[in-house]
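It should be emphasised that the depicted structure is a prediction, and the values quoted were computed from it without experimental measurement. Each chain gets a letter, A, B and so on, in the order the sequences are listed, and its residues count up from 1.
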2 protein chains.
Amino acid sequence: MHAPVRQAKAKSRPAQRDAERSRAAILAAATAEFTAHGFGGASVNEVAARAAINKRMIYHYYGNKEGLFLAVLEETYARIRSAESELCLAHLAPPEAVRRLVLFTFDYFVKNPEFLTLLNTENMLHARHLKRSEQIQEMHSPLVGTLAELLKRGAADGVFREDVDPVQLYISIAALGFFYMANNPTLSTIFGRNLATPEALETRREHIASVIMDYLRP
Amino acid sequence: MHAPVRQAKAKSRPAQRDAERSRAAILAAATAEFTAHGFGGASVNEVAARAAINKRMIYHYYGNKEGLFLAVLEETYARIRSAESELCLAHLAPPEAVRRLVLFTFDYFVKNPEFLTLLNTENMLHARHLKRSEQIQEMHSPLVGTLAELLKRGAADGVFREDVDPVQLYISIAALGFFYMANNPTLSTIFGRNLATPEALETRREHIASVIMDYLRP
DNA sequence: GGCTTAAGTAACCACGCGGTTACTCCTGAC
DNA sequence: GTCAGGAGTAACCGCGTGGTTACTTAAGCC
């Protein structure tokens, strides 16, 4: 799609029309703003400035601040689900597959810290946005079902214990990485050392794999 | 200390003077306000209203909103350290002591959800308040040292594996409970069931103990 | 080419915000 | 008894907020 030609206005770039591009710019700006300041501290004026888009358009596309935040959450969940769908675990031996899932989860949190902060913000608000979402089914991770299959196969093979609840295990895999990354600033301050160096992250990554794999031992 | 007698003003209770009581009321109100709304969304006007104290006094005691939030964090840390100091683990067998610590940690998070939310808020702000605190030493948990001793004794007794990093273990013990409680609203929404019922909490509690104790098996 | 819809703009509004000013008066110390 | 300091009050200020109003104009369709 070519950019239309139009006389430039003083001090502003030529107005163009591209709804998809505008919405994407707004979502990216809103993600940064809500991540940095939380829901109450974030400013719609600032989102508009960051996106270089008129504030009226934010209300046109998303309705209000709550609708904007829900759109940010939905996109955030879509991203992790998309990344999870690229894991191909079914053809792997159960221990290798679970280990792969554990490492993927931690690596995802390391590369996407905004996911952690946005989730914490939404939990502080008692998930009131997610509860209104029409995409909750898409947010449910199919990996819990995958994990249940792996645990069943592993128990049958005698390489996993038999009494593992896949939901509890999935939550624990997430917990071990999420807490470490989301709380890294206060943990580093209190322990008096940087827990976010590449070495520290590698140590934590291997520790998490060890905790989970040792828990699954028969 | 007796309450001084003074003529009541129209529509307001008699003004009394008690700095300690005022500070305590302000901190309690601020804890509730920051817990519910985060730092940016919390309002100093609302804190004053909740505490039934003039806003000027908040600035008199705490300087500004940032100083108020730091005071709330320091009190929050003081509370968990006080509760931890009542754990008497040294005389217990290492497995029983570690299990006691694990259960205590989860139970504390269940009973003090504001601790989780305030910590998440401070981490979103990159621990900028904690970094300015003059009480960081008091926030460092002595339990890490206690845990190191237990791991050493347990390994010598042959009931624990020998290669456990006490800091990583302590973080994992906190992670398994913190994530579950702090993310309960979104997890419950996405899994389509209430993960905060007494049964669900008991299941989670036992799961965490199992994960940690099985990890420590030689 | 004209018409309709929607993308986009600029300015505006009422209100709440964090913090301050200017004071009163309680209380403790000398 | 007096005085100074601090607890406490009421009103105020400049600014930013979420959201709205009233418009222009690009672009697609018939």
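- Taking atom CD1 on B/Ile53 and atom P on D/dA10, their separation rounds to 13 Å, with Å as the unit.
- In this entry the distance linking CG of A/Asn64 with P of D/dT20 reads 8 Å, nearest Å.
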**OP:** Begin with the C-alpha distance, continue with both residues' side-chain angles, and end with the deciding distance and a verdict on salt bridge (Lys or Arg N to Asp or Glu O under 4.0 Å) for B/Glu122 and B/Arg128.
**Re:** CA-CA 7 Å; B/Glu122 176 62 356; B/Arg128 78 175 185 235; over 6 Å; no
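- Nearest to the side chain of A/Lys55, among C/dG18, C/dT9, D/dG19, sits D/dG19.
- In the displayed structure, B/Glu202 atom CD is contacted under 6.0 Å by more than 12 heavy atoms of other residues, nucleotides or ligands.
- The side chain of A/Tyr61 contributes no N or O atom lying less than 4.0 Å from OP1 or OP2 of C/dA6.
- Sequence order on DNA chain C of the closest nucleotides to B/Tyr59 and B/Arg56 puts B/Tyr59 first from the 5' end.
- Counting only heavy atoms from C-beta on, B/Ala19 has its side chain closest to D/dA7 among D/dA7, C/dT9, D/dA10.
- Ring-plane geometry between B/His129 and B/Phe39 is classed as tilted, the angle between the planes lying from 30 to 60 degrees on a 0 to 90 degree scale.
- We find that CZ of A/Arg23 is positioned 13 Å from P of C/dA6, with the value rounded to whole Å.
- As rounded to whole Å, 11 Å separates atom P of C/dA6 from atom CE of A/Met57.
- Where A/Gly63 and A/Glu46 each meet DNA chain D at their nearest nucleotide, the meeting point lying more 5' is that of A/Glu46.
- The distance from atom CD1 of A/Ile58 to atom P of D/dT20 is 13 Å, rounded to the nearest whole Å.
- Atom-to-atom, CZ of A/Phe69 to P of D/dT17 comes out at 18 Å; the value is rounded to the nearest Å.
- No engagement by B/Tyr62 is indicated, since no non-hydrogen atom pair under 4.0 Å with the nucleic acid exists.
- B/Ala42 comes within 4.0 angstrom of the backbone, heavy atoms only, and of no base.
- By the 4.5 Å heavy-atom criterion applied to side chains, B/Thr31 and B/Glu33 are not counted as neighbours.
- Dashed line: the shortest gap from a side-chain N or O of A/Ser22 to OP1 or OP2 of C/dG8 is under 4.0 Å.
- Between the CD atom of A/Glu20 and the P atom of D/dA26 there is a distance of 21 Å, given to the nearest Å.
- Taking atom CZ of residue A/Phe39 and atom C1' of nucleotide D/dT17, one finds them 12 Å apart after rounding to whole Å.
- B/Phe109 and B/Phe115 have parallel rings, their planes meeting at less than 30° on a 0 to 90° scale where 60° marks the start of perpendicular.
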**OP:** Might you work through the side-chain hydrogen bond (donor to acceptor under 3.5 Å, both in side chains) test for A/Glu74 and A/Ser133, ending with a clear yes or no?
**Re:** CA-CA 8 Å; A/Glu74 287 173 342; A/Ser133 176; 2.6 Å; yes
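- Out of C/dT9, D/dG18, D/dG8, the shortest distance to the side chain of A/Val44 is found at D/dG18.
- Here the side chain of A/Asn45 is nearest to one of D/dT17, D/dT9, C/dA10, namely D/dT17.
- With hydrogens and angles left out, the side chain of A/Asn54 and the base of C/dA10 share a donor-acceptor pair within 3.5 Å.
- Each of D/dA7, C/dG8, C/dG19 was ranked by its minimum atom distance to the side chain of B/His60; first place goes to D/dA7.
- The side chain of A/Ser43 places an N or O atom within less than 4.0 Å of a non-bridging phosphate oxygen (OP1 or OP2) of D/dT17.
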